[in-house]
Amino acid sequence: MGFKRYVEIGRVALINYGKDYGKLVVIVDVVDQNRALVDAPDMVRSQLNFKRLTLTDIKIDINRAPRKKNLIEAMEKSDVKGKWESSSWGRKLIVQKKRASLNDFDRFKVMLAKIKRGSLVRQELAKLKKESA
Amino acid sequence: MAPRKTPVVSRNPQLIRGVGKYSRSKMYHKRGLWAIKAKNGGVFPKHDPKPKAAATPVKPSKFYPADDIKMPLPNKRKAKPTKLRASITPGTVLILLAGRFMGKRVVFLKQLTSGLLLVTGPFKVNGVPLRRVNQAYVIGTSTKVDISGTNVDKFDDKYFAKAAEKKNKKGEGEFFEADKEEKSELPQDKKDDQKAVDAALLKSIEAVPDLKSYLAARFSLKAGMKPHELVF
């Protein structure tokens, strides 16, 4: 019953509050009941409260508080980035980012594409209706 | 006096405000006043004062105001040329926010000396002619059109001035007649100017897919659009 994602060394988490909002980090050590030592390839190793982290399904195999170089190697080996970007959660975040960065012209092109797709769907539907009638 | 060729530099560095490093006698030697005196036979050279131009006779004023009222100080401010936003460069697509063409997406050509922006539809695409528009009523998008083929040098603020109206003598009968002057037709050379500018523009617009229909469509805020979060 219950929990599937545990706080453990090597657990990959998403920062959900603060300056590094949206970054994927690895839990590298646990400080006490509330805080963890956390690290990512492009960030200085620092402590974060668990409340600022959302755990993901991804876990990598590292020793407690590894060197930065070893951490990066382990992340490459288990392909954290690839697993994240192919997970549905990761894909959703990528789409959200893309939508937020759309230009006015891009939004216009998206509208045209949606209309085109809708019309194609309706054509197919009409065809199928006719066949089954 | 003729302007000096070299700027005035003090040879006496300040230790503190009001206190120089060198004394009077030292400065006398540093400035070479002894040499000037020697050149002039032991005395400082004297220059005759320049002849003053004869003062024009001041006429007594015709009018003395009755009250001693305070005159406001003269305003000597000079208006600076309007600063163009960094996001607006020649060829930028702008969204007009007010006026007859509210919501239309339009191509920016250049900034005129009055500070207003010269803009065109192009006319064939969305009905906006060569027109002046204020920067404040415009959103600059990040979409750019190539306007290297157009020549906009001949357009300035005078081009857009209203033609001087013929003065009609105010007769009473004319008030009751149908007061409809013939609608002034746009002169043919203005139409030709529009066509000339738009011809080159249309080529670069048609080179980008969907850009023509983009310029033909109007912009409007729909549900869920937050202007402060939109990227234009």
Side-chain angles (χ1 to χ4, degrees), chain A residues 13-25 40-43 48-49 51-54 56 81-82 84-127, chain B residues 85-97 101-108 119 121-122 125-126 128 133 137-147 201-202 204-232:
Chain A
L14 191 66
I15 301 185
N16 59 28
Y17 182 92
K19 192 168 61 99
D20 298 310
Y21 178 84
K23 278 215 186 118
L24 271 186
V25 289
D42 59 343
M43 154 178 149
L48 275 184
N49 192 314
K51 292 186 175 180
R52 293 196 175 197
L53 296 173
T54 323
T56 68
K81 190 157 183 251
W84 176 245
E85 286 175 0
S86 55
S87 72
S88 64
W89 182 0
R91 276 181 289 144
K92 261 189 279 178
L93 287 191
I94 292 176
V95 168
Q96 277 174 18
K97 268 206 199 95
K98 188 82 179 68
R99 286 213 180 119
S101 72
L102 282 182
N103 179 346
D104 189 45
F105 187 27
D106 294 333
R107 268 174 264 136
F108 180 78
K109 286 190 268 192
V110 164
M111 176 192 73
L112 290 184
K114 281 192 185 166
I115 292 174
K116 195 157 183 201
R117 180 181 66 176
S119 76
L120 287 175
V121 167
R122 246 165 293 155
Q123 278 172 20
E124 281 303 314
L125 183 61
K127 251 190 262 173
Chain B
R85 256 181 273 161
S87 60
I88 302 180
T89 62
T92 312
V93 172
L94 306 175
I95 301 178
L96 300 180
L97 295 174
F101 301 106
M102 184 160 46
K104 292 261 190 207
R105 294 163 172 129
V106 124
V107 177
F108 169 66
V119 126
V125 174
N126 54 21
V128 179
V133 130
Y137 300 100
V138 138
I139 293 180
T141 65
S142 48
T143 316
K144 313 270 183 215
V145 174
D146 180 23
I147 66 165
L201 259 183
L202 272 168
S204 32
I205 288 175
E206 277 159 10
V208 180
D210 291 333
L211 188 56
K212 195 153 172 223
S213 46
Y214 173 62
L215 291 175
R218 280 208 205 221
F219 171 83
S220 72
L221 278 180
K222 310 242 170 42
M225 283 177 132
K226 299 180 195 147
H228 67 294
E229 286 181 357
L230 287 180
V231 168
F232 282 102

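Below, chain A is the first sequence line, B the second, and so on; all start at residue 1. A quick note: this is a predicted structure, and the numbers were derived from the prediction, not measured.
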Interface residues of residues 215-226 of chain B facing chain A - heavy atom cut-off under 4.5 Å: B/Ala217, B/Phe219, B/Met225
Test side-chain contact (heavy atoms from CB on, under 4.5 Å) applied to A/Phe105 and B/Val93, step by step: CA-CA 9 Å; A/Phe105 187 27; B/Val93 172; over 6 Å; no
Heavy-atom side-chain contact between B/Ile88 and B/Val138 under 4.5 Å: yes
Test log, rule side-chain contact (heavy atoms from CB on, under 4.5 Å), inputs B/Thr92 and B/Thr143: CA-CA 6 Å; B/Thr92 312; B/Thr143 316; over 6 Å; no
Close side-chain approach of B/Val133 and B/Phe108, heavy atoms under 4.5 Å: no
Over-ring placement of A/Arg107 relative to B/Phe232, 6.0 Å and 45° cut-offs: yes
Expected output: side-chain B/Ser204 to main-chain B/Asp146 donor-acceptor under 3.5 Å: yes
B/Phe101 side chain near B/Asn126 side chain, heavy-atom distance below 4.5 Å: no
Engaged part of B/Ile95 at the chain A interface, taking heavy atoms whose separation is under 4.5 Å: side chain
Using residues 13-25 of chain A as the side-chain source, report each donor-acceptor pair under 3.5 Å to any protein atom, sequence neighbours left out, with the distance given to one decimal.
from    : atom 1 : to      : atom 2 : distance (Å)
A/Asn16 : ND2    : A/Thr54 : OG1    : 2.8
A/Asp20 : OD1    : A/Lys23 : NZ     : 3.1

Residues in residues 114-127 of chain A near chain B [non-hydrogen atoms, under 4.5 Å]: none
Side chains of B/Val231 and A/Leu102 in contact at under 4.5 Å (non-hydrogen atoms): no
Side chain, backbone, both or neither of A/Leu112 within contact of chain B (heavy atoms, under 4.5 Å): side chain
Results of salt bridge (charged side-chain N to carboxylate O under 4.0 Å, His left out) for A/Arg52 - residues two or more places apart only: none
